[in-house]
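Read the numbers this way: they start at 1 and go in the same order the structure lists the ligands and their atoms.
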Amino acid sequence: MTEVAAPPADKLDQKVVPINHWIGGRRVAGRSGRNGPVYNPASGRQTGAVDFASVEEVGEAVATAKAAFPGWRATSLSKRAEIMFRIRSLFHEHREDIARILTAEHGKVLTDALGEVARGLEVVEFACGIPQLLKGEYSEQASTGIDVYSIRQPVGVVAGITPFNFPAMVPMWMFAPALACGNAFVLKPSEKDPSASVYLAELLQEAGIPDGVFNVVHGDKVAVDALLEHPDVGAVSFVGSTPVAQYIYRTATGHGKRCQALAGAKNHMVVLPDADIDMAADAAVSAGYGSAGERCMAISMVVAVGHAAEPLIEAIKQRIPKIKVGDGMQPDVEMGPLITREHRDRVASFIEKAPSEGASVVVDGRENAPDGDGFFLAPTLIDETKPGMAVYDEEIFGPVLGITRVETYDEALALVNENPFGNGTAIFTRDGGVARQFQFDVQAGMVGVNVPIPVPVAYYSFGGWKNSLFGDTHIYGPEGITFYTRGKVVTSRWPDPATSKVDLGFPQTR
Ligand code: NAD
């Protein structure tokens, strides 16, 4: 394989390495003169400088993708499937290299990084079935001598704009179905942890993706806007925060593109009095503090119903001191740092503010964070939170678990449904009837029954409701295939001299 763009993770801390674009099957150094710092969040040291693309550089990537598109879309389905299978093998073979790059730049612990790769790989596996997924429909004799059939064709050049919290999995959610469908792809990964995307690009090349079919441009709003406004980009997938998602959706659709923009979250976990309290506490702690709470499917609010509250809070409190916080490269560490110093300080500011809003800080993560220059904050538990408080209303995106107490199931349901976000939610109960009613009534795109992080498997699609998604289609799974293809219906008649005549009437089917 070609030389690996990202250096081995143990070298990432030695010096500041340049992180370049990937255009036309090779690393391309940025020419804009602008770049951004990349840190190892566990040490607080700058390890990389990522190029920020200019409008012209984005234009070059799009032009390269456009030139590569006709050859790729004409590549047979079986050949494309074969390449997807090879991608699957290579990603699996190199999963530990990918995971180490993720931990070095994002901070999540290695086992969690391996989990991210595994969940991304499931989407690649789904895309291996592309010949079956693109099968159309056929109606023989729709009218006399006339057959009608439907086909799905790739959109062309499509773009993906991705967040910092899943630097490998979220790009895979997008490029695996997009490439399998025959599109050419331009990825704009997060500027905070960009190395994984270039490493994946090299593996895609080794697997047989032709040069120019997959490209990476790094950067900030300049690069994003250039993609959103480029006339040759046909579709935009975005995953990130709600204000940016709204902007992306408005701008992309305003420029005539199809767009799916997945956004922020405030996921509530409802615990009913009949729930298994230990199981619910394990789930709340795992889903609240895993990946330092930097998951869009993290549980950030536990809604304790009736007498569930006291034993549940006690059980969560007991579990918190046992969580080992530190450098995610260390095998015994369970929770790593936050992505940047600024983000850590922002998360800490919610803890600072909570008492003045009327909430009660039960465990304060500022007191137990590891020493050093890393961007650490330990798990925090805040009781008595309510709508109207910043700690309740805003997406904190850190290891801060809020508790809100209500008396009835109906009050709990109302809290979830009145929340402006609608990504994931969960209910913990032993009562199947109530769980079924919750699934029926709740206003969220992904629902867990005694499952705290209900990320759908790859053959379903992922997406929220309300302010958690802008656009019509969810991402990956069957809706991913729909998003990355356009439908075409063919009505066909072969000349039959026996039935041919002039008829100026509107075509009838009966
Ligand atoms: P972000 O919105 O700050 O950034 C996402 C992408 O948009 C990045 O590539 C970034 O460079 C770009 N960007 C940022 N500001 C921009 C601007 N003003 N104009 C144009 N582009 C801009 O998000 P983040 O901090 O990287 O990721 C965390 C957020 O992503 C959280 O809100 C989280 O809930 C959300 N998220 C959602 C999902 C989901 O599936 N719904 C999944 C993962 C993360």
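The nearest heavy-atom contact from the protein to atom 40 (O) of ligand 1 is F462 CE2, 3.0 Å. Closest to atom 35 (C) of ligand 1 among all protein heavy atoms lies G240 O, 3.1 Å. The protein atom (non-hydrogen) at minimum distance from atom 8 (C) of ligand 1 is T162 O, 3.3 Å. Given atom 13 (N) of ligand 1, the protein heavy atom at minimum distance is V244 CG1, 3.9 Å. Protein heavy atom at the shortest distance from atom 2 (O) of ligand 1 is S241 OG, 2.6 Å.
With a 4.5 Å cut-off on side-chain heavy atoms, V333 and D327 do not count as touching. For the pair Q260/D472, no side-chain contact is recorded, criterion being any heavy-atom separation below 4.5 Å from C-beta on.
With atom 37 (C) of ligand 1 as the reference point, the heavy atom nearest to it among P163, P189, A263 is part of A263. Of the listed options F164, F238, Y247, F164 places a heavy atom closest to atom 26 (O) of ligand 1. In this structure, of D220, V224, V239, L187, the residue bringing a heavy atom nearest to atom 20 (C) of ligand 1 is V224.
Taking every non-hydrogen atom of N423 and a distance limit under 4.0 Å, the qualifying atoms of ligand 1 come out as 41 (N). Those atoms of ligand 1 that come under 4.0 Å of a heavy atom in E395, given as number and element, are 31 (C), 32 (O), 33 (C), 34 (O). Distances below 4.0 Å separate heavy atoms of I161 from the following atoms of ligand 1: 6 (C), 7 (O), 9 (O).
Rounded to the nearest 0.5 Å, atoms CD (E334) and OG (S291) are 13.5 Å apart.
Pairs of residues two or more places apart, or lying in two chains, that qualify as salt bridge (Lys or Arg N to Asp or Glu O under 4.0 Å) and include a residue from residues 214-223 are R34-D220, K221-D225.
Under a 3.5 Å cut-off, the side chain of E57 and the backbone N or O of V217 do not form any donor-acceptor pair.
In this structure, Y39 has its ring center no closer than 6.0 Å to that of H106. Taking the ring centroids of H343 and F375, they lie at or beyond the 6.0 Å cut-off. Aromatic ring centres of F175 and F214 lie closer together than 6.0 Å.
When only modelled atom types and interatomic distance are considered, Y484 and S237 share a side-chain donor-acceptor pair under 3.5 Å.
Relative orientation of the Y249 and F470 rings is tilted, given thresholds of 30° and 60° on the angle between their planes.
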Donor-acceptor pairs under 3.5 Å, side chain of residues 345-353 to any protein atom, not counting sequence neighbours: which ones?
residue, atom, partner, partner atom, Å
R346, NH2, E394, OE1, 3.4
S349, OG, R346, O, 2.5
E352, OE1, R366, NH1, 2.5

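Not a single N or O atom of K221, backbone or side chain, sits closer than 3.5 Å to an N or O atom of ligand 1. On a distance-only criterion, W173 and ligand 1 share no N/O pair closer than 3.5 Å.
Residue-level proximity to ligand 1 for T242 is absent, since no heavy atom of it falls below 4.0 angstrom. Neither the backbone nor the side chain of R295 comes within contact range of ligand 1; no heavy atom lies under 4.0 Å. With a heavy-atom cut-off of 4.0 Å, F166 does not touch ligand 1 at all. Using a 4.0 Å cut-off between heavy atoms, N165 contacts ligand 1 through its side chain alone, with no backbone atom that close. Under 4.0 Å from ligand 1, the heavy atoms of E191 that appear belong solely to its side chain.
In this structure, atom 4 (O) of ligand 1 has no protein heavy-atom contact shorter than 4.0 Å.
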